[in-house]
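Okay, so here's the structure we're looking at.
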Amino acid sequence: MLLTLNVNGRKREISISADEYLLDVLRKLGYLSVKRGCDTGSCGLCTVLVDDKPVLSCSTLAVRAQGKRVTTIEGCQREAEKFAEFMAAEGAEQCGFCAPGFTLTVLALMKEYENPTDEEILHYLNGNLCRCSGYISQLRAIKNFMEAEKK
Ligand code: FES
C-alpha cells in the first residue's frame, strides 16, 4: 500500500506492507534520529510526534499515521539544540541515546501544559527511560527550559 505522511513539514510517500511499524518506515525514509531501544513499547526511545502527540513508533503501525503530521527531532532543531544546552547545564544528559524521544516528549508537554507541576512533568515523561542520569536533574532542566521559552 502507498503511505502518505507529512514528516517535518514535507510530504513523503512510501510503499509499505500493512504490518510495518512507523519506526521502520521513518528510518527507511532517512529519519535516523528515531531510535530502536526495547522494541516493545517500554523505553520511549522511539518516540515521535503524530499530530503533536507523542507516540511510540515501535508499537504504532505505520498505516495509523496515514495522512498525518509526523515530527521527528530533525524537524525541531532549534528547540532541540536549546533544550540540550539546558540539559547539559544541569548535567542531565550523558550518552544522548534517549535524547530525541525525550526531547520530543518535552516539546509535546509544553504544548499541553502552560505551568505543569513537578508531578505532571514526571508523569508525562514516565514512558521515557534514561539509563544514564538522574531524573531530578532532568526535571530541573525541563523547568528552566520551559521558563526560558516563555520569555
Ligand atoms: Fe519503542 Fe522502546 S523502542 S518503546
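Residues: numbered from 1 along the sequence shown. Both ligands and their constituent atoms are indexed starting at 1 by order of listing. Note that the coordinates shown come from a computational prediction; the quantities given were computed from them, not determined experimentally.
- Here E147 pairs with K150 in a salt bridge; the nearest charged N to carboxylate O distance falls below 4.0 Å.
- With sequence neighbours excluded, no residue satisfies side-chain hydrogen bond (donor to acceptor under 3.5 Å, both in side chains) with E81.
- Ion pairing of R36 with D39 is present here, as a side-chain N (NZ or NE/NH1/NH2) and a carboxylate O approach within less than 4.0 Å.
- Qualifying ring pair (Phe, Tyr, Trp, His ring centres under 6.0 Å) partners for Y31, counting only residues two or more places apart in sequence or in other chains: none.
- Counting only N and O atoms by type, the side chains of T71 and N8 include no donor and acceptor under 3.5 Å apart.
- Distances from atom 1 (Fe) of ligand 1 under 2.8 Å pick out these protein N/O/S atoms: C46 SG, C58 SG.
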Throw together a table of side-chain donor-acceptor distances under 3.5 angstrom for residues 60-67, partners on residues two or more places apart or in other chains.
{"from": "T60", "atom 1": "OG1", "to": "L56", "atom 2": "O", "distance (Å)": "2.7"}
{"from": "Q66", "atom 1": "OE1", "to": "T4", "atom 2": "N", "distance (Å)": "2.8"}
{"from": "Q66", "atom 1": "NE2", "to": "L2", "atom 2": "O", "distance (Å)": "3.3"}

